[in-house]
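A short worksheet on the structure shown next.
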2 protein chains.
Amino acid sequence: MTRFVNRSRPHTESGARHLDEAAENDPLFIRATARTMMVLSAFHETDRPMSLSEIARAAGLDRSTTQRIVHTLRQLGYLQRDPHDRGYVPGIRIYDHIFDAMRLNRQLQPAVPLLLDLRRNVNERVDLSLIDDTRLVYAFRLPPKREVLHAMMVGLSVPIYCTSAGWSVLSRMPEDEARDLIRRSDRQRYTAQTLIDEDAIMAEVEKAGETGYAVAVEQLLPGEIAIGAAVTNTLGRPVAAVTISGLSSDWTPEEFARAVSPSLMQTVAAIGRA
Amino acid sequence: MTRFVNRSRPHTESGARHLDEAAENDPLFIRATARTMMVLSAFHETDRPMSLSEIARAAGLDRSTTQRIVHTLRQLGYLQRDPHDRGYVPGIRIYDHIFDAMRLNRQLQPAVPLLLDLRRNVNERVDLSLIDDTRLVYAFRLPPKREVLHAMMVGLSVPIYCTSAGWSVLSRMPEDEARDLIRRSDRQRYTAQTLIDEDAIMAEVEKAGETGYAVAVEQLLPGEIAIGAAVTNTLGRPVAAVTISGLSSDWTPEEFARAVSPSLMQTVAAIGRA
DNA sequence: TATAGCTGTATCGCTGAGTGATACGCAAGG
DNA sequence: CCTTGCGTATCACTCAGCGATACAGCTATA
């Protein structure tokens, strides 16, 4: 399920060493704060409850330090013991923070009603994602009538280099910046169709630059066709993206674009203006 | 908008002092970890970007400590400067953690398709919320066709004592436990109809104990009618709740219950079994 | 144009908070 | 039986975090 999850991980193992280096020359850097977040981030790499030792290993810390941090986070409600199984899982207090993050995000608030309108027009799945360097983070998802897959995907992230939304985002950047981002990406083939060659990707980006949207067929998931367009701020910089996705068996790329791209373009323009 | 938000706040001002007391006798308690989470929690109390001093005040810390923690969290992507305005806002890295919390929550995974089915049957809003002591935290929300209000409410929390879902949750607890929870709640009148008297609330709880569901009219929001039922684990303990809500102008409580309670009860039973 | 108050940033000596090695009781599995 | 992993608890050392202090830049009020 999380096969195509693309976490940014500055705080795990190799990342931990990097942070310690950064801390050496930075008198304002608090190691304990970083370690705390490393413990919380340990759960990125698992799909079941984690024991103390597992957390320690994933976070790159020793058992004692992990014990203390886990103990403290447990007191505060950010971690809890799994009621059924052994081990620890993220606690409910996390939900408060995502609520803050969404509430205080300037892009999201005005976008919601616009996305609902869009979904009304096109009866496929509609997603809004935010840009975080080389990845897109899903912030909002509206399932279609016939939902097959997972629907609660807030926080799921996908790569920029091989998604329709990503290509449209790249098309709104200067070329050298886009190429640099592609090079920094950890490119892998999720399907046989996944593009990983820089120039091949840039060809899609250029097409997106002309039409305003990009269409991707089975880049990330078999059977999926997606069309994406970037939301830009008043300076023309991409800040988010909207994706509409359906089944590749239902549409040719051309039909799909003809059917939904007008509504899509109208929506991203409206969000950018809001 | 956040008028009825009901944050649990163990780490702010008076809460901070409480934590320091706890830390004195607890050799495993890391002050720096708690302080880090206090800084992140500072955003619970605002609806706009916060300056360093504002964060410090909200978190109950001095400016220097806040500076260092904010600096560190910024390096890690948990805080960022607001691009338009001054000040800091939560960063995008938060999204990774909510994804973990949802992914690893045993209640949520099997519930999603069941909730989609439920929404198909009843054309009103459907919510799933998790229990956190005296409050219910929204984990999943499916908007109806005609959505009026805010739709992306993951992490929003509402009180247990004056909601339909809350009453149904209380009805699945021993009476003394339920009464204790009500007493510990910070009861306030959100509307003229809001029940705050312990015995009045317990009367609704008893009704819910008989029928299995509770109906609340304009308890939290004017014009809202809601029906809620608890999800219980195999031991009979309440672990979550499902709510269906509509407009009180469209339904009498009896009609509403007759129309949707069968589907609702079927859904919560199925989630509990999953 | 002072000036007062805010912002974010930077410096620095002191000390106790955090560290990490170590140990213990318990439960599961062989 | 022994082993291995779990969560928990203890303790002396020391350097990481502390918090007082200072400063440049920006806004707004006087």
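Labels below follow one simple rule: chain letters A, B, ... track the order of the sequence lines, proteins then strands, and each chain is numbered from 1. For clarity, every value in this text was computed on a predicted model and none was experimentally measured.
- Residue A:Arg35 places its side chain closer to C:dT19 than to any other of D:dG7, C:dT19, C:dA10.
- The B:Gln67 side chain lies nearest to C:dT9 when the options are D:dT8, D:dG17, C:dT9.
- No more than 12 heavy atoms of other residues, nucleotides or ligands sit less than 6.0 Å from atom CZ of B:Arg48.
- Protein atom CG of A:Leu28 is 12 Å distant from nucleotide atom P of D:dG17, rounded to whole Å.
- When the P atom of C:dC6 is taken as reference, atom CD1 of B:Ile55 falls 16 Å away, rounded to whole Å.
- Distances from the side chain of A:Ser53 to the nucleotides C:dT9, D:dG17, D:dC6 place D:dC6 closest.
- Two residues are said to be in side-chain contact when any heavy atoms from C-beta on lie closer than 4.5 Å; A:Tyr138 and B:Phe99 fail this criterion.
- Closest-nucleotide positions on DNA chain D for A:Ile30 and A:Arg74 were compared, and the one nearer the 5' end corresponds to A:Arg74.
- Closest to the A:Arg81 side chain, of the nucleotides D:dT8, C:dG8, D:dC18, is D:dT8.
- For the pair B:Gln80 CD and C:dG8 P, the computed distance is 15 Å after rounding to whole Å.
- Residue-to-nucleotide contacts include a donor-acceptor pair under 3.5 Å from the side chain of A:Arg63 to the base of D:dT8.
- Residue A:Leu52 is classed as a base contact, given a heavy-atom separation below 4.0 Å to a base.
- In this structure, CZ of B:Arg31 is placed 7 Å from C1' of D:dC18, rounded to the nearest angstrom.
- Across the protein-nucleic acid pair, A:Ile69 atom CD1 and C:dA17 atom P stand 17 Å apart, rounded to whole Å.
- Taking the six-membered ring where tryptophan is involved, the planes of A:His71 and B:Phe29 are perpendicular, since the angle between them exceeds 60° and thus also 30°.
- Side-chain to base pairing of A:Arg68 with C:dG20: one donor and one acceptor N or O lie within less than 3.5 Å of each other.
- Atom NE2 of B:His71 and atom P of D:dG17 are 12 Å apart (whole Å).
- Residue A:Met50 contributes atom CE, which lies 15 Å from atom C1' of D:dC6 at whole-angstrom precision.
- Rounded to whole Å, atom P of D:dG17 lies 9 Å from atom CZ of A:Phe29.
- Annotation for A:Arg184: atom CZ counts as buried by contact number, over 12 foreign heavy atoms lying within 6.0 Å.
- Distance from the side chain of B:Ser64 is smallest for D:dT21 among the nucleotides C:dG18, D:dT27, D:dT21.
- Within the 3.5 Å criterion, the main-chain N or O of B:Thr65 finds a donor-acceptor partner in the side chain of B:Asp62.
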